[in-house]
Peer 1: 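The structure's right below; bear with me while I get my questions together.
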2 protein chains.
Amino acid sequence: MYATMARSKKSPVETASVEPGRDSEAAFLADYDVSKFERPSVAVDVVVMTASGGALKALVYKRAEHPHRGRYALPGGFIRMDESLEQAARRLLRDKAGLSDVFIEQLYTFGDVRRDPRARVLSVSYVALVHAEKLANHAPKDVVVAELVVPFAGETGGPVEGHTASGELLPLAFDHALILGMAVKRLRGKLDYTPVGFQLLPDEFRLRDLQDVHETIRGEPVNKDSFRRRMLASGLIEATGAREADVSNRPAELYRFIKRSAT
Amino acid sequence: MYATMARSKKSPVETASVEPGRDSEAAFLADYDVSKFERPSVAVDVVVMTASGGALKALVYKRAEHPHRGRYALPGGFIRMDESLEQAARRLLRDKAGLSDVFIEQLYTFGDVRRDPRARVLSVSYVALVHAEKLANHAPKDVVVAELVVPFAGETGGPVEGHTASGELLPLAFDHALILGMAVKRLRGKLDYTPVGFQLLPDEFRLRDLQDVHETIRGEPVNKDSFRRRMLASGLIEATGAREADVSNRPAELYRFIKRSAT
DNA sequence: AAAATAGTGTCTATGAGACACTATAGT
DNA sequence: ACTATAGTGTCTCATAGACACTATTTT
């Protein structure tokens, strides 16, 4: 889009001294040889996160091929020449995790020279947030929903461990422990000023569920009273009028988010 | 580092079922052919920002070559195979802007398929924050310190215009208006919870200077009383004991940041 | 009735905004 | 004395945390 705009004849931004030179630019482009410069490989890796049972979780799968065969890696793959980074992330999410229509956001680009033993490979990472049930229903069976053990408080950052539900440690491939750590850091940072729960809860939920999500992400308890007041005053959620059923205590009011963001 | 760790024999993380297979992995790597997959070019572009005279500014330079000859671009260039992304950013900053020992941080990776007319080129962007004087002293003469005109409030995001000091619009190359917009958005976001002024002010400054920086970044005034109280209570700055001189009014106390972060 | 969790009302401490006031330099 | 900006003291309002209290379900 911007490339197009830049080449249009009378774009309103062409006020100062831009040399038009359209023919010579065209000639230049025709002659341009991409292979002049060495290029790295570029992969997109997606952190598919959810929060349930008091734990932050992310989807990993056991690598069947070298390098790092047997270790656990994030769903990812090399980008194609005809897709944008986000399109690549969505494709990989669909092909490797069976997920579509989820919230995704670019996280960070990892580019250490030796991060992949094969060759120079950059990883442009994305975070996807999904409901726990969606992950349970749609994920192929060779994937593992790893529980994350976060060794840092607040938004300090650092590598994060993955465990099975039974507590076994899952050795992570490449620098994926760092990518997971960055994802947790980002999620914690977003918590204060964006309605993160939108993506991590079903359409109807109890305030307690929303509080659980916040506490799981932060890794520490939040004040119940203050949390309720803030959420109700935020204007982002509304009561459905319905209440939960079949509980052995006073049933909680059910709420929904006012504007469910598209994808 | 991670590649090394992953291949070490008895890493403590190898608790679950990792297939060792060191020989076969070595064989695999020896056979691995990088050229199997098509690869994009990867550039690093650096937004060198400063705040002075009530305006946010960024360094751009007029392109002498195609594509987008005559338009203004961020300092940038293709990454080399033996340097990390941050190393590339620092190299470009040194070579193209004459700057070293400045704060830099990765911003975002732009990957639209058509963002560069030559070929598929990803841009991993970085933000550098420097004092206004440092920029004035060190910048080569083919660069322009463009004043940014930010058409959005808060952290909405969107493209940003560059102007000369005299108000002339500088047409920007590629998607660099978007990259600048992202940089402004990020800077505004950091303002609330990190001492951004550290990087944008000289060693000694008046509280008014710090307030000016905050107002310039936010694009709107801040409450003077509350701002003073917050800054003094933050524990991040301390009085030097000295006062400004040669002013025709009550001279202000000079302050310094407690811990000047390294680079 | 007992147990368990949902939800309300109220008090207090803290921090932001508003504003009046005092302080100190040059002219 | 006058001007301009620095810096202080105080009042009010909004919000977070603490805590006691009430409400509503199952067993």
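Fair warning: this is a prediction, and the values are worked out from it, not measured in the lab. All values below were derived from every heavy atom in this structure, side-chain atoms included, with hydrogens, water molecules and symmetry-related copies excluded.
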Peer 1: Can you tell me the distance, in whole Å, between the CZ atom of A:R208 and the P atom of C:dA6?
Peer 2: 6 Å

Peer 1: Nearest-Å distance, CE (A:M231) to P (D:dT15)?
Peer 2: 14 Å

Peer 1: Answer yes when B:K224 and B:E215 have at least one side-chain N-carboxylate O distance shorter than 4.0 Å, and no when they do not.
Peer 2: no

Peer 1: Could you list the donor-acceptor pairs under 3.5 angstrom formed between side-chain atoms of residues 248-255 of chain A and any protein atom two or more places apart in sequence or on another chain?
Peer 2:
none

Peer 1: I'd like to check the side-chain hydrogen bond (donor to acceptor under 3.5 Å, both in side chains) partners of A:S123; sequence neighbours left out, ordered by chain and number.
Peer 2: A:D45

Peer 1: Side-chain donor-acceptor contacts of residues 228-238 of chain B below 3.5 Å, not counting sequence neighbours, with atom names and distances?
Peer 2:
| from | atom 1 | to | atom 2 | distance (Å) |
| --- | --- | --- | --- | --- |
| B:S234 | OG | B:M231 | O | 2.7 |
| B:S234 | OG | B:L236 | N | 3.1 |
| B:E238 | OE2 | B:R256 | NH1 | 2.9 |

Peer 1: Could you tell me whether the side chain of B:R186 and the main chain of B:L107 form a donor-acceptor pair under 3.5 Å?
Peer 2: yes

Peer 1: Taking five pairs at each end, how big is the angle between the two axes of the helix from C:dA1-D:dT27 to C:dT27-D:dA1, to 10°?
Peer 2: 10°

Peer 1: Among residues at least two apart in sequence or on other chains, which ones pass side-chain hydrogen bond (donor to acceptor under 3.5 Å, both in side chains) with A:H214?
Peer 2: none

Peer 1: Go along nucleotides 19-27 of chain C 5' to 3' and tag each nucleotide: B for a protein heavy atom under 4.0 Å from its base, S when only backbone or sugar atoms are that close, - otherwise.
Peer 2: B---BBBS-

Peer 1: Could you check whether any side-chain heavy atom of A:S52 comes within less than 4.5 Å of a side-chain heavy atom of A:K57, counting everything from C-beta outward?
Peer 2: yes

Peer 1: Round to a whole Å and report the spacing from CZ of A:F227 to P of D:dG17.
Peer 2: 12 Å

Peer 1: Any N or O donor-acceptor pair under 3.5 Å from the base of C:dG7 to the side chain of A:R229?
Peer 2: no

Peer 1: Output the rounded distance in Å from CZ (B:R206) to C1' (D:dG7).
Peer 2: 13 Å

Peer 1: Nearest-Å distance, NE2 (B:H214) to P (C:dA16)?
Peer 2: 13 Å

Peer 1: In whole Å, I'd like the distance from the CD atom of A:Q211 to the P atom of C:dT5.
Peer 2: 13 Å

Peer 1: Around atom CG of B:D246, are there more than 12 heavy atoms from other residues, nucleotides or ligands closer than 6.0 Å?
Peer 2: no

Peer 1: Round to the nearest Å and state the distance from A:N223 atom CG to D:dA16 atom P.
Peer 2: 9 Å

Peer 1: Any side-chain N or O of B:R228 less than 4.0 Å from the OP1 or OP2 oxygen of C:dA16?
Peer 2: no

Peer 1: Calculate the interatomic distance between B:L232 atom CG and D:dG9 atom C1'; express it in whole Å.
Peer 2: 15 Å

Peer 1: Can you check whether A:R188 reaches A:F152 side chain to side chain, under 4.5 Å on heavy atoms?
Peer 2: yes

Peer 1: By nearest nucleotide on DNA chain D, pick out whichever of A:S226 and B:L207 is the more 5' one.
Peer 2: B:L207

